4 protein chains.
Amino acid sequence: MPRKSSRARNLEQRQDKLQAILAAAFDLFVEKGFADTRLDEVAARAGVAKGTIYLYVPSKTALFEELIHSAISTPIEGIEAQVAASDLPLEAVLRLMFRRIRKEVLETSRRDIVRLIISEAGRFPEIAELYHREVLSRGLRLLRGIIERAAARGEIRSDELARFPQLIIAPFVVGLLWTSLFQDYEPLDVEGMLDAHVDLLMRALKTASS
Amino acid sequence: MPRKSSRARNLEQRQDKLQAILAAAFDLFVEKGFADTRLDEVAARAGVAKGTIYLYVPSKTALFEELIHSAISTPIEGIEAQVAASDLPLEAVLRLMFRRIRKEVLETSRRDIVRLIISEAGRFPEIAELYHREVLSRGLRLLRGIIERAAARGEIRSDELARFPQLIIAPFVVGLLWTSLFQDYEPLDVEGMLDAHVDLLMRALKTASS
Amino acid sequence: MPRKSSRARNLEQRQDKLQAILAAAFDLFVEKGFADTRLDEVAARAGVAKGTIYLYVPSKTALFEELIHSAISTPIEGIEAQVAASDLPLEAVLRLMFRRIRKEVLETSRRDIVRLIISEAGRFPEIAELYHREVLSRGLRLLRGIIERAAARGEIRSDELARFPQLIIAPFVVGLLWTSLFQDYEPLDVEGMLDAHVDLLMRALKTASS
Amino acid sequence: MPRKSSRARNLEQRQDKLQAILAAAFDLFVEKGFADTRLDEVAARAGVAKGTIYLYVPSKTALFEELIHSAISTPIEGIEAQVAASDLPLEAVLRLMFRRIRKEVLETSRRDIVRLIISEAGRFPEIAELYHREVLSRGLRLLRGIIERAAARGEIRSDELARFPQLIIAPFVVGLLWTSLFQDYEPLDVEGMLDAHVDLLMRALKTASS
DNA sequence: GATGAATGAGCATTCATTCAT
DNA sequence: CATGAATGAATGCTCATTCAT
């Protein structure tokens, strides 16, 4: 096996260092928010000098945006593929999907990204737009597809969810915020809540709207 | 009727000035967030000198917390009273309550308070605790009361909502965040969504859990 | 005599402080140039805190420009008045004027201002323009007036100076730069040079151009 | 003809690269001044890496000084030779010399060097000293020689220029600064001014001092 | 009490210089 | 020799907080 060219190695190292900076920034932005995070700390945690950050991003703001951009890669493709491939009944699809979202978002650092976006989107409209475009609109489209397919199959006899797919994922938002902000004061069994949510939905959907 | 004592008048003036400061701070904190709000601007908008703020609150942080404290006074008492007094069926209670929350929270500045809390609570744990204590725990208790009463009457045949009353208000959270952050990219008919939510809930609740 | 109002006193103090800042900045800019002057040092020398500077000028650049603006007040009015009032022969006017310029520019801090302008004007085009408008164009106009009056009286029989009044003050420029930059290596008797210059000019002017 | 040794070729390449660096530095220092010139830009314009500069000069300051050193090579030798060789009358010598200085200094990049020296000499005393030693003192010596020869021939009947040869070149200084700084606001016909200057000088010199 | 000028610690950013490759 | 990524000291500017009036 030939040794990697020095150039290739450099590119790799460069990527590694950028990743280290982004990772350090991620931790600190999540922990303290954008305004309270010092680039000194980011540099220290990334193991680089302060000036080095500016070799990779042009400003603190750009660092934040770059971070969100790179972290926002959604697991949606995976779920889309799985849903498209499978031919399960609606309830199974929902349970599968809920489980994946729970495992791949709520129980990973993606959870923190989402909370960061919710917290800082007011100051970074571009990020709100990005998140809507890359995650929300695709997620809602996926949900509508699932609902419509189930409706076509006769599994659903009402149109509420087709009109407001946000209702399907609302408990995730509550779960995410609750565990971030209030878990210490009153724990919430997110998995239980999500199960109950699916139960309710399934019973409701089997009934025609009056 | 005796004239107010000078002392009383002074107290009133003092209160007025504090209110002016809190109101100015509220607008700016909502608009720009905690970190990006300058006390200079707060003072200017409140029509006082910058130093005056420190006669009323000891620090910018305290101003924020005081503001949240004073703004957090919930409409829950009103709803509690109404619910306790009325003897309506569950659906009517829910629709009544949803309408009130929509009118009195989502469509007023309380909406901004909640968003501010969600955004900044990570940096102000005391505020998270306060909000949980004053609003969330009471709101959840009220919801549980409603659910249990309905269950006692036989209107409900499953226990999901009693266990997770968060599911009842989850769409409010989504509605609040969506209208704050994404309304420009994809409008959401919050009222429609809430109606659909009640529809779904009512159909689900009439069915026993399997 | 009534005591000054507190407001009037404040204004005075404010002016004093601005003057202190400008004076400190002047010394340092002259000594080290614009780029090598630190606002920390300016503040220290002015006896104020660093932030105080920003209560009076919005930036280091503005400080420099403000300084030049306030220092550029020329002695031209005085000379203009003197020249207009007097009815002396050309030689007397020139000697009078040269002496005044020497005493009021070359031998005062105005000398340093001019050198500062020459040094930094490349980076501050606005200052070049200001200096031309406020000093040079007026000085040249004054010189032309003197020359033309002398010509009308028959004291001058050629037009070189009317066309190029710069030739009259060229030795001042040399004197100013020489004493600033080369005096240590080879002293220059500026007064003697200026006297010789007038001698030469007077002899030349009495002769008609061929 | 033997091929150049590899060693010789290397030396040449080395010299070429140094020249490229100095040329790039020259352009930038002239355009932006010492402080505002970035070594990054110098390297980019010279087509070398930033670190390479340090293989040729030990610091930015040294680069500047080296640049001035290498650029300061005056056309004085040429003029000296020409003057020594020729036997023209004073006026012809002056006109010849003025023309050469105009063509070889004012209308070439040497003009920029001189302005750079004037601008930065305050911060680089060594350069002031160098310029005086290499250019000014030699130039003045040359001028004195010319004047004395003319006096010996009886062409001059006064000693002002012998005592202050600076008076001869003062208009060059004005011309150089004016065209650099004020040409946009009020153009100056430097050639006309220099002609007028010679005219005046010649008429003055033919007359004995009173 | 009220004011707003003054303070100075704090921070993002720059850039000459170094050094591993 | 040459490179250019990395360094980190240096600095302009901000803004919460103080305090003399």
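In this text the structure is predicted, and so the values were computed from the model without any measurement. Below, read A as the first sequence line, B as the second, and so on, with proteins coming before strands; counting in each chain starts at 1.
For the pair D:Ile53 CD1 and F:dA2 P, the computed distance is 12 Å after rounding to whole Å. Residue C:Gln15 contributes atom CD, which lies 13 Å from atom P of E:dA5 at whole-angstrom precision. Between the OH atom of B:Tyr54 and the C1' atom of E:dG1 there is a distance of 18 Å, rounded to whole Å. Rounded to a whole Å, the CG atom of A:Leu55 is 14 Å from the P atom of E:dT13.
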Donor-acceptor contacts under 3.5 Å from residues 47-54 of chain A side chains, at least two apart:
| from | atom 1 | to | atom 2 | distance (Å) |
| --- | --- | --- | --- | --- |
| A:Lys50 | NZ | A:Asp40 | OD1 | 3.3 |
| A:Thr52 | OG1 | A:Ala49 | O | 3.3 |

Donor-acceptor pairs under 3.5 angstrom involving side-chain atoms of residues 124-131 of chain A: please list them, not counting sequence neighbours.
| from | atom 1 | to | atom 2 | distance (Å) |
| --- | --- | --- | --- | --- |
| A:Glu129 | OE1 | A:Arg133 | NH2 | 3.2 |
| A:Glu129 | OE2 | A:Arg133 | NE | 3.4 |

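Distance check: D:Phe29 CZ to D:Leu63 CG gives 4.5 Å after rounding to the nearest 0.5 Å.
Side-chain atoms of A:Glu41 and A:Lys32, non-hydrogen and from C-beta on, do get closer than 4.5 Å to each other. Residues C:Gln19 and C:Ser70 form no side-chain contact, since every pair of their non-hydrogen atoms from C-beta on lies 4.5 Å or further apart. Contact check for D:Ile117 versus D:Ile72: side-chain heavy atoms found under the 4.5 Å cut-off. At a threshold of 4.5 Å between non-hydrogen side-chain atoms, the residues D:Arg111 and D:Ser180 count as touching.
Nearest nucleotide to the A:Lys50 side chain, out of F:dG12, F:dA6, F:dA10: F:dA10. The nucleotide whose nearest atom lies closest to any side-chain atom of A:Thr52 is, among F:dA16, F:dT7, E:dT14, F:dT7. Considering only the side chain of C:Ala49, E:dG8 comes nearest among E:dT13, E:dA5, E:dG8. Distances from the side chain of D:Val48 to the nucleotides E:dA6, E:dA9, F:dT3 place F:dT3 closest.
Near-neighbour residues of DNA chain F inside residues 57-66 of chain B, defined by a heavy atom below 4.0 Å, number-ordered: B:Ser59, B:Lys60. Near-neighbour residues of DNA chain F inside residues 21-43 of chain A, defined by a heavy atom below 4.0 Å, are absent.
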Pairing pattern in dot-bracket form [Watson-Crick, G-U; both distances under 3.5 Å; | = partner strand] for DNA chain E: .||||||||||||||||||||
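Both A:Gly51 and B:Gly51 sit near DNA chain E, but only B:Gly51 has its closest nucleotide nearer the 5' end.
The backbone N or O of D:Leu22 lies less than 3.5 Å from no partner atom in the side chain of D:Glu66, so there is not a single donor-acceptor pair. Between the side chain of A:Ser109 and the backbone N or O of A:Asp112, no donor-acceptor pair lies under 3.5 Å.
Under the 6.0 Å distance and 45° angle rule, D:Lys17 does not count as a cation-pi partner of D:Tyr56.
Look at C:Tyr56 and you won't find any side-chain N or O under 4.0 angstrom from OP1 or OP2 of E:dA5.
With sequence neighbours left out, the side chain to side chain contact (heavy atoms under 4.5 Å, CB included) criterion links A:Ala35 to A:Arg123, B:Ala35, B:Arg123.
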